[in-house]
Amino acid sequence: MAAALNLGRMTLPSSKFLSRPSHLLSVKMQMQMQMQFSSPTLTKMSTDAQSVASKLDSSGLLRTQGLIGGKWSDAYDGKTIKVYNPATGESIVDVACMGGRETNDAISAAYDAYGSWSKITAAERSKFLRKWFDLLMVHKEELAQLITLEQGKPLKESIGEINYGAAFIEFSAEEAKRIYGDIIPSPLSDRRLFVLKQPVGVVGAITPWNFPLAMITRKVGPALACGCTVVIKPSELTPLTALAAAELSIQAGIPAGVVNVVMGDAPDIGNSLLASPQVRKITFTGSTAVGKKLMAGSADTVKKVSLELGGNAPCIVFDDADLDVAVKGTIAAKFRNSGQTCVCANRIIVQEGIYDKFANALCDAIQNMKVGDGFSEGVVQGPLINEAAVKKVESLIHDATSKGAKVILGGKRHSLGFTFYEPTVISDVDSEMRISREEAFGPVAPLLRFKTEEDAIRIANDTNAGLGSYVFTNSIQRSWRVAEALEYGLVGINEGVISTEVAPFGGVKESGLGREGSKYGLDEYLEMKYVCLRNMNKE
Ligand code: SIN
């Protein structure tokens with residue numbers, strides 16, 4: 001039996017699985033309250049959001065049912081769950097709230113489709129993926145609007161996410177044709193030794209709300225390129241982008257059953273994916289706590305796992321850094337998606353000689369950042385995903401200030417209300433404060449002070465996380481030394497945003513296993529088969 005997985009009851013060190021408050025109800029409570037049959041009609045919203053949703057509806061991209069074996073399906077018991085706009089607290093639409101039974105059918109559909117999808121040529125799979133990429137680009141604007149609507153990030157960032165997310169499909173279309181095996185020189189003259197690369201099989205892909213498209217395409221692109229089929233479980237907070245992307249996969253001609261989507265009761269869906277011997281791989285982006293459960297739950301059927309989990313990214317600013325570059329890079333690393341990424345700078349570790357100058361310049365730059373609804377002109381900071389996310393930020397700031405840290409900018413809820421929070425800078429933070437040990441997942445920049453390079457490395461590595469890290473310095477020698485000493489999967493030097501489809505993304509220590517993106521990302525969906533061929537030719 002797979003280990004029981006209950007995402008709903010978890011305490012939340014990382015906020016990727018915070019339940020939607022609505023604004024204070026847990027997903028489970030909402031499900032219990034929504035026993036009515038699903039209706040895809042849009043619920044009452046403010047005019048802007050309503051017109052975006054109506055446009056999406058008429059273009060066929062506003063989907064509310066799950067996708068099983070090429071058919072759109074309601075939850076079998078008719079349950080629905082609401083999807084909310086975090087900028088207004090209003091519900092956008094009700095979507096199917098599925099569970100174990102629908103997941104098992106999706107797994108069967110994926111398993112059936114695997115037989116043929118894994119057998120067609122790499123060139124054919126490549127063409128399907130290319131077509132899917134083209135359609136994602138054709139619908140870039142609508143998809144970006146959908147992301148802003150359900151996730152809250154500013155429209156410009158949402159467009160960035162479509163480009164980023166679609167690029168994983170394009171890259172996978174190209175790499176599909178380059179999945180090479182190997183020939184090993186044989187120690188015996190009558191044997192030939194080969195290594196074949198073959199798809200792992202059906203993949204369960206569990207994805208978070210902070211990148212509703214990119215975290216899906218980063219998994220599904222390489223999986224499909226390798227010949228795997230997938231059951232996607234998007235976050236119940238942001239299923240609409242996933243469903244729209246799935247609709248476009250159908251329009252791209254990707255055969256029924258290759259891409260399936262189920263959403264709703266996360267523990268039930270997760271447990272079904274774990275329990276099924278037909279699911280050969282789990283790929284997950286989300287909190288470390290949930291990742292550990294998935295890893296444990298995969299043991300019973302010995303599934304391959306890839307985990308992209310929580311971070312605690314240090315951003316080290318040395319005295320010899322270019323101040324302007326360091327401030328801009330720190331802001332990019334910290335405030336992307338309002339601080340809600342796994343690679344957001346969580347601790348800004350600044351050398352004592354530049355500390356005051358840097359703190360002032362950072363505050364000057366941040367106070368000009370416009371906070372608001374992601375659809376409004378000039379907005380660069382959207383709302384946090386929900387009330388629980390705001391509470392977590394508040395409690396970390398409270399803990400830090402009660403131990404001597406000082407709020408030098410922001411530090412409270414934004415006057416816009418809902419889940420808007422002021423971009424915040426706190427000085428005099430130390431390594432023992434909770435804000436240095438937990439992922440804030442919000443727009444708070446805590447400043448820590450250090451004296452020497454050794455101090456900086458020690459402070460940076462003093463965590464069980466190891467995903468993103470950043471260094472600002474003008475010294476080439478120091479860049480190499482520090483990059484090598486940092487116990488992290490990703491290091492940005494004089495650069496605050498380093499994610500790209502062409503480079504391997506992933507963490508060390510408790511930040512996860514495996515890599516996504518790049519040629520290495522495909523290996524996660526492949527098994528190696530060694531074939532020894534004995535030459536029977538006697539002549
Ligand atoms: C994440 O937050 O999990 C992913 C961020 C990225 O891809 O840059």
Using a 3.5 Å distance criterion without hydrogens, assess whether the side chain of [X] forms a donor-acceptor pair with backbone atoms of [Y].
{"X": "E157", "Y": "P154", "value": "no"}
{"X": "T463", "Y": "A465", "value": "yes"}
{"X": "E161", "Y": "A214", "value": "yes"}
{"X": "N461", "Y": "L486", "value": "no"}
{"X": "S58", "Y": "S54", "value": "yes"}
{"X": "D373", "Y": "S376", "value": "no"}
{"X": "W132", "Y": "A166", "value": "no"}
{"X": "T148", "Y": "K153", "value": "yes"}
{"X": "D430", "Y": "M433", "value": "yes"}
{"X": "K79", "Y": "G264", "value": "no"}

Is there side-chain contact between [X] and [Y], with heavy atoms separated by less than 4.5 Å?
{"X": "I385", "Y": "T419", "value": "no"}
{"X": "I459", "Y": "L448", "value": "yes"}
{"X": "P267", "Y": "D265", "value": "yes"}
{"X": "F375", "Y": "Q145", "value": "yes"}
{"X": "V305", "Y": "T283", "value": "no"}
{"X": "F472", "Y": "C315", "value": "yes"}
{"X": "I498", "Y": "L490", "value": "yes"}
{"X": "I316", "Y": "F450", "value": "yes"}

So, [X] and [Y]: side-chain donor and acceptor under 3.5 Å apart, yes or no?
{"X": "Q65", "Y": "D74", "result": "yes"}
{"X": "S59", "Y": "E142", "result": "yes"}
{"X": "T241", "Y": "E150", "result": "yes"}
{"X": "R434", "Y": "S395", "result": "yes"}
{"X": "N312", "Y": "R437", "result": "no"}
{"X": "E524", "Y": "S306", "result": "yes"}
{"X": "T103", "Y": "K233", "result": "no"}

Determine whether V491 and V471 satisfy the following criterion, side-chain contact (heavy atoms from CB on, under 4.5 Å), listing intermediate values before the conclusion.
CA-CA 7 Å; V491 185; V471 180; 4.2 Å; yes

Trace of the salt bridge (Lys or Arg N to Asp or Glu O under 4.0 Å) decision for K403 with E432:
CA-CA 9 Å; K403 292 173 181 157; E432 297 319 308; over 6 Å; no

Roughly how far, to the nearest 0.5 Å, is the [atom2] atom of [Y] from the [atom1] atom of [X]?
{"X": "I426", "Y": "I408", "atom1": "CD1", "atom2": "CD1", "result": "9.0 Å"}
{"X": "T64", "Y": "L240", "atom1": "OG1", "atom2": "CG", "result": "8.5 Å"}
{"X": "E501", "Y": "N163", "atom1": "CD", "atom2": "CG", "result": "10.0 Å"}
{"X": "I435", "Y": "N346", "atom1": "CD1", "atom2": "CG", "result": "7.5 Å"}
{"X": "L274", "Y": "I282", "atom1": "CG", "atom2": "CD1", "result": "5.0 Å"}
{"X": "Y488", "Y": "S469", "atom1": "OH", "atom2": "OG", "result": "6.5 Å"}

Show your reasoning for whether side chain to side chain donor-acceptor pair (under 3.5 Å) applies to T285 and K219.
CA-CA 10 Å; T285 297; K219 295 168 169 45; 2.5 Å; yes

Heavy-atom closest contact ([X] atom, [Y] atom, distance):
{"X": "L309", "Y": "G291", "value": "CD2-CA, 3.7 Å"}
{"X": "A106", "Y": "V262", "value": "CB-CG1, 4.0 Å"}
{"X": "K82", "Y": "S91", "value": "CD-CB, 3.8 Å"}
{"X": "A365", "Y": "I331", "value": "CB-CD1, 3.4 Å"}
{"X": "Y164", "Y": "F168", "value": "O-CD1, 3.2 Å"}
{"X": "V371", "Y": "F420", "value": "CG1-CD2, 3.7 Å"}

Kindly indicate, with the supporting measurements, whether the criterion side-chain contact (heavy atoms from CB on, under 4.5 Å) is fulfilled by L384 and V393.
CA-CA 10 Å; L384 297 195; V393 166; 4.0 Å; yes

Over 12 foreign heavy atoms within 6.0 Å of NZ, K370:
yes

Just wondering, more than 12 heavy atoms not from M369 lying within 6.0 Å of its CE?
yes

Before accepting this row, confirm whether a basic side-chain N of the pair [X]/[Y] lies closer than 4.0 Å to the acidic partner's carboxylate O.
{"X": "D324", "Y": "K328", "answer": "yes"}
{"X": "E308", "Y": "R218", "answer": "yes"}
{"X": "E422", "Y": "R413", "answer": "no"}
{"X": "E438", "Y": "K392", "answer": "yes"}

Check against side-chain contact (heavy atoms from CB on, under 4.5 Å), R449 and Y355
CA-CA 7 Å; R449 196 185 294 261; Y355 188 94; 3.3 Å; yes

Using the rule given for ring-ring contact (aromatic ring centres under 6.0 Å, His included), can you reason through F358 versus F318, listing the C-alpha separation, both sets of side-chain angles and the distance that settles it, and then say yes or no?
CA-CA 10 Å; F358 177 83; F318 284 98; over 10 Å; no

Determine whether R336 and S499 satisfy the following criterion, side-chain contact (heavy atoms from CB on, under 4.5 Å), listing intermediate values before the conclusion.
CA-CA 12 Å; R336 179 173 168 223; S499 307; 3.8 Å; yes

